[in-house]
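Below is one structure, written out as structure tokens; the observations come after it.
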Amino acid sequence: MIIFAKLVKKFSSAIKLFLLVALCVAPSVLCRAQWDKDVFDLRGRQALNDGKFAYAIENFNILTRLDSTDYWSFFFRGIAKYNLGDIRGSQKDFDRSVRINPVFTNGYHYRAISASRLGEYDNALMDLQKAIELRPGINGLYFSRGVTYFLAQRFQEAVEDFDRYIRKEPKDPAAYLNRGASQLFLGDTLKALDDYNKAIKLDRFEPEGYIRRGRLNATRGMLDEAISDMDHAIELDSTMTFAYFNRAIMLYEKNDYNAAMHDLNRVLEEEPGNALTLYNRALIYLQVGAYEEALQDMDRVININPGNVLAYFNRAAIFCEMGRWYDALSDYNSAIDLYPDFAKAYLNRSYVENMIGRTRESKADYKTAQRKVAEYRSKNADGTGNFADTTRKYNSLLALDADFAKKDFDNELLQHRDIDIKLRPLYRFSLVMEAEDRSVALSRRFENALLDRFTDAASLPIAITNESLKGFVFKTVDTSTALGCFVKALQELQNKQYSSASTWLDRAAEMAGNDGSPDKYSNYYKAFYLMNRGVLKAEMIEFIASLEGNVQTLSMDTEGTTRARVSDRVARTYDYSEAIADIEEAIRILPDIPYLYFNLGNLHCLSEQLVAAIEDYDMAIRLYPFMGDAYLNRGLALIYLKDMEKGCIDLSRAGELGVADAYGIISKYCETED
């Protein structure tokens with residue numbers, strides 16, 4: 001699994017290498033339009049080079065609107081999306097680039113890379129073949145195809161492509177590492193070891209070569225040499241957590257539990273949520289009789305990935321050691337539900353059932369276990385049993401959410417930051433320092449004459465936003481009109497006087513259309529007063545929930561399993577019906593304001609009405625196609641309902657529209673692994 005991940009990283013390296021070359025190309029090649037296009041193009045390419053990918057996308061968005069036939073703009077935007085983890089979005093842009101220019105070699109090359117990352121190996125290989133036919137002299141194409149063959153488990157063909165690449169690039173250590181990995185899967189450990197040795201000889205300061213060689217030596221039983229390689233890797237990079245992890249496993253094999261535990265603790269210092277490390281530490285705790293500590297670690301593993309069958313199986317073993325038979329029974333039940341062919345789980349459950357006096361169930365489980373073992377043996381006896389499939393199943397179960405050695409990435413990359421996954425917040429009117437400038441060129445702001453008229457009529461500058469705003473100067477306002485009461489309510493909100501703000505919003509809603517205002521549209525303004533009142537009610541509920549430690553949020557694990565998770569300390573449901581009623585009444589007054597549907601969608605999410613929420617976001621997007629927040633929230637709701645493909649497409653569109661949070665979520669939940 002880790003080898004696959006390392007190979008995939010080489011795709012990113014290939015893209016970064018291309019950027020360095022592209023930035024050296026004369027502007028006349030890339031930009032053939034007036035001066036303003038040149039400026040956006042230069043900014044975008046420089047942002048790519050600096051690793052500021054979200055800013056690069058902003059500039060290439062403008063270029064694609066100015067000239068929809070410029071395939072370079074789509075291509076570069078695809079590279080930016082790829083580097084932010086938005087593989088589907090990058091594939092879409094590369095696809096657009098080759099539709100515009102059917103002989104665009106780079107477009108086929110990088111569309112193939114995106115397809116390979118999504119597991120679409122046949123499509124990737126077709127694109128690479130097309131690129132090779134167009135430009136057979138580009139050696140990097142064979143490197144990429146070698147990686148794709150590897151991921152498709154066509155190892156012999158991978159070796160052949162790496163051979164061809166190495167003939168022209170004999171000093172690239174990455175090629176030897178990749179060919180060595182391919183040789184390893186072909187069962188030729190000597191050739192693999194030879195390639196790893198060559199990679200180390202070419203670059204003695206790259207820790208990955210030592211890690212690869214050390215892992216290979218460990219499989220050959222040469223633990224001292226393997227540990228020595230890990231020591232060397234750690235000397236080169238003391239933050240290389242994967243080296244510590246591997247050394248811990250090797251030390252464990254030598255029965256040096258204290259040293260193994262020390263290395264696992266070192267990994268967890270850097271990555272407290274590394275589930276694979278927690279899992280292995282729990283097993284060591286179990287072996288040495290530290291049952292409470294083992295239980296704590298395994299609890300965290302299950303919290304990170306509740307679909308891991310071996311975590312339940314081993315936690316049940318911990319419960320058995322502690323004499324907690326009913327807890328053990330529950331975990332064996334969970335393991336069998338997740339993996340119905342798990343013979344050993346039936347056998348162990350039979351033992352637990354016998355211990356608590358359930359003789360009939362115990363006998364039934366024992367017979368089931370014996371039958372499954374017999375079926376497995378008979379299949380393997382005649383060659384029909386595929387043990388590799390079983391092994392692959394267990395490997396995927398063990399992979400969990402372990403992300404090693406990310407410390408060397410630039411902090412600018414959003415996908416490598418800790419991401420707080422939550423819905424984009426509700427929209428409301430707020431006081432601002434100055435009125436919005438509506439003359440900005442190429443703006444994608446929502447345009448509505450009534451909304452603009454309303455904000456212009458207010459005595460203080462206001463705007464509709466879902467961002468937190470601070471530091472405004474308060475002035476005395478006339479509260480004889482509904483709009484005046486509304487502005488007063490906004491002042492009270494800025495001063496965190498929520499009760500007073502609610503009173504002023506009530507007054508504004510009551511007076512709307514009946515305050516003697518000469519504005520003939522004043523009765524329609526009630527919708528805006530109701531919107532803010534609904535938002536305030538919802539936020540007060542969230543405030544109360546936070547005090548009780550029972551805030552409900554969308555929570556997802558890496559397998560796409562989603563659930564509404566609340567604190568165990570308080571079992572309470574919160575009622576958003578009053579807030580929903582205000583928003584729905586506002587929609588009846590003004591059915592063409594997207595922010596109202598967006599807010600209604602959020603409230604339906606919080607009320608666990610996900611299907612209704614998606615319909616609300618649909619309407620918001622229909623009214624305002626550039627509403628990135630609506631795409632993000634709809635994407636989260638779809639992923640919550642396990643519609644991963646549509647959800648990830650929405651997240652991609654949100655990122656393209658400037659919602660920076662989208663890329664961290666895409667990286668965590670939308671990247672696929674072989």
Between R622 and D618, does a salt bridge (charged side-chain N to carboxylate O under 4.0 Å, His left out) hold up when you go through it step by step? CA-CA 6 Å; R622 195 174 302 127; D618 288 345; 5.3 Å; no
Worked verdict on C605 versus L610 for side-chain contact (heavy atoms from CB on, under 4.5 Å): CA-CA 5 Å; C605 273; L610 273 298; 3.9 Å; yes
For R96 and S68: C-alpha separation, side-chain torsions, deciding distance, then whether side-chain contact (heavy atoms from CB on, under 4.5 Å) applies. CA-CA 10 Å; R96 183 71 176 270; S68 61; 4.0 Å; yes
Applying side-chain contact (heavy atoms from CB on, under 4.5 Å), run through T455 and F429 and close with a yes or a no. CA-CA 9 Å; T455 56; F429 287 92; 4.0 Å; yes
Applying side chain to side chain donor-acceptor pair (under 3.5 Å), run through Q491 and N495 and close with a yes or a no. CA-CA 6 Å; Q491 288 183 326; N495 203 30; over 6 Å; no
Applying side chain to side chain donor-acceptor pair (under 3.5 Å), run through D629 and Y427 and close with a yes or a no. CA-CA 10 Å; D629 287 342; Y427 278 87; 2.7 Å; yes
Report the C-alpha distance between D456 and R453 in whole Å, list the side-chain angles of each, state the deciding distance to 0.1 Å, and finish with yes or no for side-chain contact (heavy atoms from CB on, under 4.5 Å). CA-CA 5 Å; D456 291 342; R453 184 184 182 94; 5.8 Å; no
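Note on R99 versus D95: salt bridge recorded, some NZ/NE/NH1/NH2 to OD/OE distance being below 4.0 Å. Between E58 and R43, no side-chain nitrogen of the basic residue sits less than 4.0 Å from a carboxylate oxygen of the acidic one, so the salt-bridge criterion is not met. Between K646 and D650 there is no salt bridge, since no side-chain N of the basic residue sits under 4.0 Å from a carboxylate O of the acidic one. In summary, K130 and E133 do not engage in a salt bridge, as defined by a charged side-chain N under 4.0 Å from a carboxylate O. D70 has no carboxylate O lying under 4.0 Å from a charged side-chain N of R77, or vice versa, which leaves the two without a salt bridge.
Ring to ring, Y525 and F454 are close: their centroids are under 6.0 angstrom apart. In this structure, the ring of F143 has its center less than 6.0 angstrom from the ring center of F162. Side-chain rings of F75 and F104 approach one another, their centers coming within less than 6.0 Å. Between F598 and Y624, the ring center distance fails the sub-6.0 Å criterion.
Using a 4.5 Å heavy-atom threshold, the side chains of L651 and D86 count as separate. With a 4.5 Å cut-off on side-chain heavy atoms, F528 and I464 do not count as touching. Using a 4.5 Å heavy-atom threshold, the side chains of H109 and D127 count as separate. Residues R117 and Q91 form no side-chain contact, since every pair of their non-hydrogen atoms from C-beta on lies 4.5 Å or further apart. With a 4.5 Å cut-off on side-chain heavy atoms, Y595 and L451 count as touching. Side chains of S114 and E120 form no contact here, defined as non-hydrogen atoms less than 4.5 Å apart. The shortest side-chain heavy-atom distance between I665 and L632 falls under the 4.5 Å cut-off. Between Y631 and V659, every side-chain heavy-atom pair lies at or beyond the 4.5 Å cut-off.
Here the options are F76, F40, Y71, the test is ring pair (Phe, Tyr, Trp, His ring centres under 6.0 Å), and the partner is F60; only F76 passes.
Minimum heavy-atom separation, I57 to G655: CG2-O, 4.5 Å. Minimum interatomic distance between Y176 and A199 (heavy atoms only, all atoms of both residues): CB-CB, 4.0 Å. Of all the heavy atoms in M531 and R428, the pair that sits closest is CE-CA, 4.0 Å. V98 approaches Y108 most closely through the heavy-atom pair CG1-N, 3.5 Å. Across every non-hydrogen atom of L84 and A54, the tightest pair is CD1-N, 3.8 Å. The nearest pair of heavy atoms linking N178 to V147 is ND2-CG2, 3.9 Å.
Considering CG of N532 and CD1 of I583, their distance stands at 8.5 Å, rounded to 0.5 Å. Here S73 contributes atom OG and D93 contributes atom CG; the two are 10.0 Å apart, rounded to the nearest 0.5 Å. The CE atom of M627 sits 12.0 Å away from atom CZ of R634, with the distance rounded to the nearest 0.5 Å. To the nearest 0.5 angstrom, W72 atom CH2 is 10.0 Å from D41 atom CG. Distance CG/N274 to OH/Y244: 14.5 Å, rounded to 0.5 Å. Here CG of D661 is found 11.5 Å from CG of L423. Values are rounded to the nearest 0.5 Å.
Panel note: side chain T148, backbone S144; a donor-acceptor pair is recorded below 3.5 Å. D616 contributes no side-chain N or O that, together with a main-chain N or O of Y597, makes up a donor-acceptor pair within less than 3.5 Å. Looking at S97, its side chain does come within 3.5 Å of a backbone N or O of F94 through a donor-acceptor pair. A donor-acceptor pair is defined here as one N or O able to donate and one able to accept, closer than 3.5 Å; such a pair exists between the side chain of N61 and the backbone of E656. The backbone N or O of R424 lies less than 3.5 Å from a partner atom in the side chain of N633, making a donor-acceptor pair. Put simply, the side chain of Y210 gets close to the backbone of R204: a donor and an acceptor are under 3.5 Å apart. With hydrogens and angles disregarded, no donor-acceptor distance shorter than 3.5 Å links the side chain of N49 to the backbone of R45. Proximity of a side-chain donor or acceptor of Y165 to a complementary backbone N or O of L141 within less than 3.5 Å is not detected. No donor-acceptor pair under 3.5 Å is formed between the side chain of Y121 and the backbone N or O of F150. At distances below 3.5 Å, at least one donor-acceptor pair connects side-chain atoms of N466 with backbone N or O atoms of P425.
Around atom CZ of R135, no more than 12 heavy atoms belonging to other residues, nucleotides or ligands sit under 6.0 Å away.
Between the side chains of E271 and T241, at least one donor-acceptor pair of N or O atoms lies under 3.5 Å.
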